[in-house]
Amino acid sequence: MAEQKLYVYNTLSRKKELFEPLKPPFVGMYVCGPTVYGDAHLGHAKSYVSFDLILRYLRYLDYKVRYVQNITDVGHLVGDGDEGEDKLAKKARLEQTDPMQIAEKYTYTYFRDMDALNVLRPDIAPRATGHIPEQIAMIETLIDKGHAYNVDGNVYFDVKSDKDYGKLSGRSLEDAESGTRVETASDKKNPEDFALWKKAGDDHLMKWNSPWGMGYPGWHIECSAMSSKYLGESFDIHGGGLENQFPHHECEIAQSECAHGKQFVKYWLHNNMVTLEGQKMGKSLGNAISLDEFFTGNHKLLSRSWNPQVIRFFLLQSHYRSTTDFSEDALEAAETGLKNLHSMITTIEKAEAGTGSKFDIEKLKSSFDSALNDDFNSAQAIAVLFDQLKTLRKQISDGSSPANLEEVKVMLHSMIDDVLGIWPSESAGGNEELTSGLVELLIEIRKDARTNKDFVLSDKIRDDLKELGVQLMDGKDGTTFSID
RNA sequence: GGCGACAUGGCCGAGUGGCUAGGCAGAGGUCUGCAAAACCUCGUACGGCGGUUCGAAUCCGCCUGUCGCCUCCA
């Protein structure tokens, strides 16, 4: 079998590049996690489902991946620039509680919702407040190397000391200076300098002692400090939402490369946005629909609840670098499509190997792999499944089940369960035997009714079962059923 | 104003210099007591205008439109 190669789109070069880890078979991957001051919404789902697919595919390719995703529980401000209230502190004030309680609460709901979406947990989920010493140490290094300066308890990164500043986002300092939105005077040397450490006032809730007095870390330093702690000073993949490209990731690069004197990250991957009626969905825009609202249907824009797996499938049906425009119509189409895919899988799972001609596993695998090798094209991979499994199902229903069916099943598990994470879920009730026993009994009764041409009764059984989510299907060899 | 994306059939959504994406919806048919499911058949799309080419929806230019970043944000 010809070894295929993985190509990934690297924001640094704006090109697809051959993926070659720094120290194969190990891969270090860092993805910017959420700021935990509110429920995760569909936009978060797109990002974390995208990187979940990337993680799963890398593991499918036998890379030994260490996946780190931070939890930001301090430091991001509500207002413009460097002024304003800490988001967690604000939420704590509104909910009349402590910032750490807010962080705990929304860390819990974040993982709860990601679990529902079948997003694998990161190997390490470091919290910003748990790494204040590391951040302080990094800031000290930057000051020692002349890349940062302290002004009365505020420490800033001096962007002019970094000739590479702007290489990720493709913007130069000149561009920034000529822009109309660069704001005004402060104690910075250059308006583009960004805060590494901020002085805290007496009323500030979250603050720590430092060489520069009581304060709290700036917005970008946590990712630099924690990624190097757990993945080393250079690592393979850094991911995040497109909107973090600038300034967040640009600043991370500046801090890390100036502190360590070596390349920070080899491949930068950015997922695109979820839009709602053409507008970016975002917490601060007020148009976000939370995942919990999707799962419960409790939102004015939703007519009903949506299964987490449908959300995952819906997201995987578009490429991670494309925007995904949300609508209930599109979700509904995804739901039906997923149901049909599941029905194919179930048919295949229930079938036994026969004497029919062998199913071409190599072809399936190579077309599935080459879709994902092309910058993780999950939409294409799903199309491959629909296309080729249809042939297999036909072979089975024609009574010439392939001789190598068991191998096919193993392959399907690895592609649909391990990589895509959309395997049909086992019915949640748990009492499957009883349920199917009861349904079989009703089918028997209905069969008698049909023999007696009592269609009123037989239709009542079928219709009432459908109400309960059990679909009866009359076939040549008797009646079969499926449970939603 | 600066930087950067994207524009595909009714809808969602991949992709490629010439050969069917796929899904959903829809139409007809087979099957069925009627359904459902399954199976078969059907759509010849790629914003506009130029250019390169034997040939472009795919490459280049311009235009139009939409969106993102430049402020916390997945």
Side-chain angles (χ1 to χ4, degrees), chain A residues 11 14 31-35 37-38 40-51 72 75-84 86-87 166 169-172 174-183 192 219 239-248 250 270-275 278-285 288 313-314 317-319 321-327 329-338 340-341 343-344 347 371 374 377-387 390 393-394 397-398 450 453 455 458-459 462-463 466 471-476 479-482:
Chain A
T11 308
R14 317 250 162 199
V31 172
C32 286
T35 303
Y37 70 102
H41 56 74
L42 190 60
H44 295 95
K46 165 133 179 139
S47 186
Y48 299 119
V49 165
S50 298
F51 287 105
T72 298
H76 287 213
L77 302 176
V78 173
D80 288 357
D82 298 321
E83 306 307 320
D86 184 293
K87 281 181 172 175
S169 56
R171 68 188 75 208
S172 63
E174 293 73 45
D175 290 339
E177 281 166 5
S178 67
T180 55
R181 301 181 62 178
V182 171
E183 83 313 324
E192 301 78 22
W219 347 322
L242 199 57
E243 83 283 1
N244 277 328
Q245 215 174 78
F246 188 90
H248 184 55
E250 195 70 63
H270 291 98
N271 66 276
N272 217 317
M273 304 287 99
V274 172
T275 56
Q279 296 284 314
K280 172 182 157 183
M281 185 182 281
K283 258 186 256 195
S284 39
L285 297 173
F313 182 73
F314 168 69
Q317 264 191 313
S318 63
H319 188 95
R321 281 193 295 111
S322 301
T323 54
T324 299
D325 193 42
F326 159 76
S327 69
D329 285 349
L331 262 190
E332 204 164 316
E335 182 178 62
T336 315
L338 180 64
N340 289 339
L341 181 66
S343 135
M344 285 197 270
T347 304
D374 183 14
N377 192 336
S378 53
Q380 183 65 43
I382 289 168
V384 164
L385 291 177
F386 271 106
D387 214 32
K390 218 181 278 182
R393 176 174 61 185
K394 185 166 167 46
S397 60
D398 286 350
R450 292 177 73 210
K453 303 239 188 275
F455 297 123
S458 69
D459 286 356
R462 186 177 61 199
D463 294 345
K466 185 159 171 69
Q471 174 74 56
L472 297 188
M473 290 158 292
D474 296 328
K476 247 183 236 162
T479 300
T480 56
F481 66 95
S482 68

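Proteins get letters first, then strands, A, B, ... in listed order; numbering begins at 1 in each.
Across B/A74, B/A38, B/G23, the shortest atom-to-atom separation from the side chain of A/Ser343 is found for B/A38. Nearest nucleotide to the side chain of A/Glu243, out of B/G23, B/A14, B/C73: B/C73. Residue A/Gln279 places its side chain closer to B/C67 than to any other of B/C67, B/A74, B/A14. Taking the side chain of A/Met281 as heavy atoms from C-beta on, and the options B/A25, B/A74, B/C34, the nearest nucleotide is B/A74. With B/A35, B/C12, B/A74 as the candidates, the nucleotide lying closest to the side chain of A/Ala330 is B/C12. Comparing B/A21, B/A74, B/C70 against the side chain of A/Gln380 picks out B/A21 as the nearest. Ranking B/C40, B/G33, B/G13 by closeness to the A/Arg450 side chain, first place goes to B/G33. Set against B/A36, B/A14, B/C69, the side chain of A/Lys280 has B/C69 as its closest nucleotide. Comparing B/A14, B/C40, B/A74 against the side chain of A/Lys394 picks out B/C40 as the nearest.
The partner of B/G55 cannot be assigned: no Watson-Crick or G-U wobble pair with both contacts below 3.5 Å exists in any strand. The partner of B/G26, taking Watson-Crick or G-U wobble pairs whose two distances both stay under 3.5 Å, is B/C42. Base pairing annotation: B/C69 forms a Watson-Crick or G-U wobble pair with B/G2, both donor-acceptor distances under 3.5 Å. Base pairing annotation: B/A21 forms no Watson-Crick or G-U wobble pair, as no partner gives both donor-acceptor distances under 3.5 Å. Checking B/G33 for Watson-Crick or G-U wobble geometry (two distances, each under 3.5 Å) identifies no partner in any strand. When Watson-Crick and G-U wobble pairs are counted only if both distances are under 3.5 Å, B/G50 pairs with B/C60.
Contact annotation for A/Leu472: base contact, defined as any heavy-atom pair under 4.0 Å involving a base atom. When heavy atoms are screened at a 4.0 angstrom cut-off, A/Val274 is found touching base atoms of the nucleic acid. Residue-level contact check: A/His319 touches the backbone only, with heavy atoms under 4.0 Å from sugar-phosphate atoms and none from bases. Across all strands, A/Tyr48 comes closer than 4.0 Å only to sugar-phosphate atoms, never to a base (heavy-atom distances). Residue-level contact check: A/Gly278 touches the backbone only, with heavy atoms under 4.0 Å from sugar-phosphate atoms and none from bases. Heavy atoms of A/Asp387 sit under 4.0 angstrom from primed sugar atoms or phosphate atoms, though from no base atom. Counting any heavy atom pair closer than 4.0 Å across all strands shown, A/Ser322 reaches sugar-phosphate atoms only and no base atom. Base contact: A/Asn272 has a heavy atom under 4.0 Å from a base atom. Residue contacts shown for A/Lys283 are limited to sugar-phosphate atoms, with no base heavy atom under 4.0 Å away. Among the protein residues, A/Asn377 comes within range of the sugar-phosphate backbone only, with heavy atoms under 4.0 Å from sugar or phosphate atoms but none that close to a base. Across all strands, A/Asp459 comes closer than 4.0 Å to base atoms (heavy-atom distances). Within the nucleic acid shown, A/Ser50 has no heavy atom closer than 4.0 Å to any nucleic acid atom.
Distances shorter than 4.0 Å separate some side-chain N or O of A/Lys390 from OP1 or OP2 on B/G23. Of the side-chain N and O atoms in A/Asn244, none sit less than 4.0 angstrom from OP1 or OP2 of B/A74. Contact between the side-chain N/O atoms of A/Arg14 and the OP1/OP2 oxygens of B/A5 is not found at any separation under 4.0 Å. The shortest distance between the side-chain N/O atoms of A/Thr35 and the OP1/OP2 oxygens of B/A74 is below 4.0 Å.
Nucleotide B/C73 holds its P atom 10 Å from the NE2 atom of A/His44, rounded to whole Å. Atom CD of A/Glu250 and atom P of B/G2 are 20 Å apart (whole Å). Atom pair A/Phe386:CZ and B/A38:P shows a separation of 11 Å (rounding to whole Å applied). Rounded to whole angstrom, the span from the CG atom of A/Asn271 across to the C1' atom of B/C69 amounts to 14 Å. Per the geometry, CZ belonging to A/Phe246 stands 13 Å off P belonging to B/C69, to the nearest Å. Regarding A/Glu192, its CD atom lies at a distance of 14 Å from the C1' atom of B/U71, rounded to whole Å. Rounded to a whole Å, the NZ atom of A/Lys466 is 19 Å from the P atom of B/C34. In this structure, CG of A/Asp325 is placed 17 Å from P of B/G10, rounded to the nearest angstrom.
When the C1' atom is compared between B/G9 and B/A14, the two are found 14 Å apart, to the nearest whole Å. Rounded to a whole angstrom, the distance from the P atom of B/G65 to that of B/G48 is 15 Å. Between B/C24 and B/A36, the distance separating the two P atoms is 16 Å to the nearest Å. Nucleotides B/G17 and B/C59 have their P atoms positioned 8 Å apart, rounded to a whole Å. The gap from the C1' atom of B/U20 to that of B/U8 amounts to 16 Å, rounded to the nearest Å. Comparing B/G15 with B/G22, their C1' atoms are spaced 11 Å from each other, to the whole Å. Taking the P atom of each, B/C42 and B/C3 are spaced 50 Å apart, rounded to whole Å. Comparing the same atom, P, in B/C39 and in B/G47 gives a spacing of 33 Å after rounding to whole Å.
Judged by distance alone, the side chains of A/Asn272 and A/Ser322 never bring a donor and an acceptor atom under 3.5 Å apart. Between the side chains of A/Thr324 and A/Ser318, at least one donor N or O lies within less than 3.5 Å of an accepting N or O.
Between A/His248 and A/Phe246, every side-chain heavy-atom pair lies at or beyond the 4.5 Å cut-off. Side-chain contact check for A/Leu338 versus A/Glu335: every heavy-atom pair is 4.5 Å or farther apart. Between A/Lys46 and A/Met281, every side-chain heavy-atom pair lies at or beyond the 4.5 Å cut-off. Residues A/Thr479 and A/Arg450 meet the side-chain proximity criterion, which asks for heavy atoms closer than 4.5 Å. A heavy-atom distance below 4.5 Å is found between the side chains of A/Arg393 and A/Ser343.
Between A/Lys466 and A/Asp463, no side-chain nitrogen of the basic residue sits less than 4.0 Å from a carboxylate oxygen of the acidic one, so the salt-bridge criterion is not met.
An aromatic stacking contact links A/Phe455 with the base of B/G33, defined here by ring centres under 5.5 Å apart and ring planes under 30° from parallel.
One N or O on the side chain of A/Thr336 and one on the backbone of A/Glu332 form a donor-acceptor pair closer than 3.5 Å.
Positionally, the nearest nucleotide of RNA chain B for A/Ser327 lies more toward the 5' end than for the other of A/Ser327 and A/Phe313. Nearest-nucleotide positions on RNA chain B place A/Ala383 closer to the 5' end than the other of A/Ala383 and A/Arg462.
Taking 3.5 Å as the limit, the base of B/C12 and the side chain of A/Asp329 contain no donor-acceptor pair of atoms between them.
The shortest heavy-atom contact between A/Lys283 and A/His44 is CE-CE1, 3.6 Å.
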